[in-house]
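Read the structure below first, then the notes.
Hydrogens, waters and symmetry mates are skipped; everything else that's a heavy atom, side chains included, is used.
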Amino acid sequence: MSTKEKLISHVMKEEPVGSRNKVTVVGVGMVGMASAVSILLKDLCDELALVDVMEDKLKGEAMDLQHGSLFLKTHRIVADKDYSVTANSKVVVVTAGARQQEGESRLNLVQRNVNIFKFIIPNIVKIIFKSCPLCGFPRHRVIGSGTNLDSARFRHLMGEKLHLHPSSCHGWIIGEHGDSSVPVWSGVNVAGVCLQGLNPKMGAEGDAENWKAVHKLVVDGAYEVIKLKGYTSWAIGMSVADLVESILKNLHKVHPVSTLVQGMHGVKDEVFLSVPCVLGNSGLTDVIQMTLKADEEKQLVKSAETLWGVQKELTL
Amino acid sequence: MLITWWYLYLTVRSIAEKSLKMASILQKLITPLFSGPPEPPRNKVTVVGVGQVGMACAVSILLRELVDELALVDVMEDKLKGEMMDLQHGSLFLKTPKIVADKDYSVTANSRIVVVTAGVRQQEGESRLNLVQRNVNIFKHIIPQIVRYSPECIIIVVSNPVDVLTYVTWKLSGLPKHRVIGSGTNLDSARFRFLMADKLGIHASSFNGWILGEHGDTSVPVWSGTNVAGVNLQTLNPDIGTDSDEENWKETHKMVVDSAYEVIKLKGYTNWAIGLSVADLTESLIRNMNRIHPVSTMVQGMYGISDEVYLSLPCVLNNGGVASVVNMTLTEEEVAQLQASASTLWDIQRDLQDV
């Protein structure tokens with residue numbers, strides 16, 4: 001008898017149940033690994049799968065995480081370039097693709113990444129939907145990380161200005177995750193006290209406190225970090241783990257994430273923009289209808305048009 | 001003259017109006033109940049070095065919610081600022097309200113624990129011992145500054161070769177030996193427990209096994225202590241860990257020794273596992289847990305070792321540092337291995353310049 005057989009008697013007659021809260025991360029670059037580590041440290045999943053095309057890097061990252069198993073509560077960490085390793089995932093986080101160069105806007109990356117996605121997405125769908133290949137992928141199960149990060153940055157800066165923790169500073173940035181994101185000043189509040197009520201010029205040009213600069217810092221935030229350290233990873237990783245938590249724990253928490261907004265706020269095109277959405281284990285089930293000012297709606301429509309302008313040029 | 005005074009008056013009035021208006025917005029919102037200098041941090045940790053290992057340590061410590069203030073130090077100013085900003089942007093998701101960074105060590109003042117990850121890293125195929133003198137020169141600059149700003153701190157040394165550099169840190173810092181700890185074989189033991197547990201189909205925390213001695217090629221797996229639920233594996237398999245073992249369990253220890261080299265070959269460096277292991281040590285220290293970890297401590301006088309060297313032994317860690325050391329029951333061969341490691345390390349240490 002082997003040592004294992006002497007030590008352990010197997011008593012369960014059925015097949016093991018397998019994972020119930022599996023998360024896959026596609027892409028093991030800085031963002032993918034920051035997301036993976038944040039998810040692991042928050043004890044969110046019982047199995048983590050990593051996928052990438054760079055086989056050595058992928059294997060190295062998986063081994064490095066496995067070596068930390070003693071300190072984690074995720075018993076299975078697997079990795080392969082073959083997508084079969086992602087089977088039964090509840091959530092798939094796609095971070096693969098080319099990244100912004102210094103000074104490059106996000107919209108410039110698009111066609112480069114579309115080509116990569118043309119390979120990745122059908123592979124994911126095939127594994128998740130193996131029993132129903134002809135089903136279209138329902139839109140409540142496709143979520144963009146969107147302005148969850150922009151809003152987090154905004155709340156951090158707001159917290160610095162008011163000497164409060166970001167979680168006590170409420171503010172929503174919606175629309176495009178990028179240069180034309182829309183800060184909804186009318187909603188910015190602390191303990192329900194609307195700050196625009198205290199300072200009617202908030203976010204406008206004549207504002208002595210220059211809150212508009214806070215939004216500009218959010219927009220420039222990513223570019224600045226990229227200039228200093230070459231990329232951003234930690235904040236987006238934590239923000240992804242925040243979204244995954246709401247989904248896996250069925251929290252019905254509201255997050256500003258990217259969803260199909262055609263028909264809302266005057267948007268006519270088939271585009272995805274961030275609005276406050278309810279996230280649970282079915283995915284993105286509801287959208288909060290914000291009361292926006294006329295110029296805020298105009299900004300959203302303009303973002304939508306800009307995005308549609310890029311999208312219609314793409315070869316899909 | 002009168003006109004100058006008039007303009008001066010207008011300027012002062014407009015400034016007063018502006019500040020009154022600005023103050024009134026914040027004042028309208030918030031009524032302070034207590035004003036005075038802010039309290040110093042109670043659970044501050046500094047990480048020196050914002051490379052892959054330093055940042056993995058920082059993120060693990062932050063996500064484990066161990067600290068109320070985190071300071072980062074490095075010489076590369078842009079990278080340092082970028083990393084600090086990236087972490088600050090995630091502060092909504094964290095419970096650490098203050099994250100600071102500077103190349104000036106004054107930013108580290110009042111730290112309870114300082115994690116030193118600075119230094120050059122192993123190249124592919126390079127052994128840890130080769131790095132030594134390169135890293136000693138860097139430490140001569142770092143350690144005195146740490147102690148200057150946080151004279152009561154506990155230093156955790158991570159940079160390799162960790163046992164030698166922990167000795168160097170102890171000498172350069174002038175701190176009592178129980179407050180200078182090397183991350184040592186905490187990681188080797190974690191890897192060992194993972195690999196052994198994986199073979200048995202259980203979680204790493206349910207497999208008990210200790211790797212002691214040098215963090216590196218000559219680490220010592222204490223086979224006589226390996227157990228699951230108190231069932232001693234060596235009793236089930238008396239050949240365990242020897243060359244005559246049919247099941248070749250010794251291979252697992254070899255895999256532990258080779259792990260770092262393998263991960264480095266595949267991805268260029270290791271960071272996640274060491275980051276998690278440092279957070280684990282930090283937790284025991286900050287939370288005053290009296291938990292036992294295999295970390296590098298001054299072992300002169302133990303196991304027949306007469307040199308001033310640091311090697312990993314099971315240490316009880318609490319908020320004072322290394323409170324005590326567990327006396328392992330080791331075989332003659334295991335003791336001989338420890339003594340051999342001690343001489344190898346002493347041979348390197350006595351040739352070091354300026355320690």
Quick check: does any side chain N or O of [X] sit under 3.5 Å from a backbone N or O of [Y], one acting as donor and the other as acceptor?
X: A:Ser2; Y: A:Glu5; value: yes
X: A:Lys161; Y: A:Glu209; value: yes
X: A:Asn21; Y: A:Asp46; value: no
X: B:Thr282; Y: B:Val278; value: yes
X: B:Ser284; Y: B:Arg291; value: no
X: A:Lys6; Y: B:Leu236; value: yes

Contact origin within [X] toward chain A - heavy atom pairs under 4.5 Å:
X: B:Gln234; answer: neither
X: B:Leu195; answer: neither
X: B:Ser189; answer: neither
X: B:Met55; answer: both
X: B:Glu247; answer: side chain
X: B:Asp198; answer: neither
X: B:Glu262; answer: side chain

Output the option from [options] having the highest count of non-hydrogen pairs under 4.5 Å with chain B.
options: A:Lys59, A:Glu61, A:Lys57; result: A:Glu61
options: A:Leu72, A:Val218, A:Asp56, A:Ile8; result: A:Asp56
options: A:Thr232, A:Thr3, A:Val225, A:Leu65; result: A:Thr3
options: A:Leu7, A:Leu149, A:Val28, A:Val193; result: A:Leu7
options: A:Ala36, A:Gly60, A:Ser69; result: A:Gly60
options: A:Ala62, A:Ala152, A:Ser167; result: A:Ala152

If you count heavy-atom pairs within less than 4.5 Å of chain A, which of [options] leads?
options: B:Ser206, B:Ala204, B:Gly201; answer: B:Ala204
options: B:His89, B:Lys199, B:Met85, B:Glu246; answer: B:His89
options: B:Ala279, B:Ser259, B:Ala56; answer: B:Ser259
options: B:Asn237, B:Ile274, B:Val59; answer: B:Val59
options: B:Arg193, B:Gln88, B:Lys265; answer: B:Gln88
options: B:Glu77, B:Glu83, B:Lys81; answer: B:Glu83

Report task. Enumerate the residue pairs fulfilling salt bridge (charged side-chain N to carboxylate O under 4.0 Å, His left out) with a member in residues 54-66 of chain B, sequence neighbours excluded, ordered by first and then second residue. Result -> B:Glu65-B:Lys95
Any heavy-atom pair between the side chains of [Y] and [X] that's under 4.5 Å?
X: B:Thr270; Y: B:Ile264; answer: yes
X: A:Asp207; Y: A:Lys212; answer: no
X: B:Phe93; Y: A:Asn148; answer: yes
X: B:Val53; Y: B:Tyr269; answer: no
X: B:Lys28; Y: A:Asn199; answer: no
X: B:Leu317; Y: B:Met289; answer: no

Report task. Compare every heavy atom of B:Asn271 with every heavy atom of A:Asp64, then report the nearest pair and how far apart it is. Result -> OD2-N, 2.7 Å
Query raised in the report: For chain A, which residues of residues 31-38 of chain B have at least one non-hydrogen atom nearer than 4.5 Å to it?
Result: none
Quick check on [X] against chain B: is it the side chain, the backbone, both or neither that has a heavy atom closer than 4.5 Å?
X: A:Ser168; value: neither
X: A:Met54; value: neither
X: A:Leu41; value: both
X: A:Leu58; value: neither
X: A:Met30; value: side chain

Requested in this report: Give, for atom CZ of B:Arg191 and atom CG of A:Leu70, the distance between the pair rounded to the nearest 0.5 Å.
Outcome: 12.5 Å
Requested in this report: Report the distance from atom CG of B:Leu266 to atom CE of A:Met63, rounding to the nearest 0.5 Å.
Outcome: 6.5 Å
**Report entry** Between A:Asn189 and A:His170: side-chain donor-acceptor atoms closer than 3.5 Å
**Finding:** no
Report task. Could you tell me whether the side chains of B:His293 and B:Ser312 share a donor-acceptor contact shorter than 3.5 Å? Result -> no
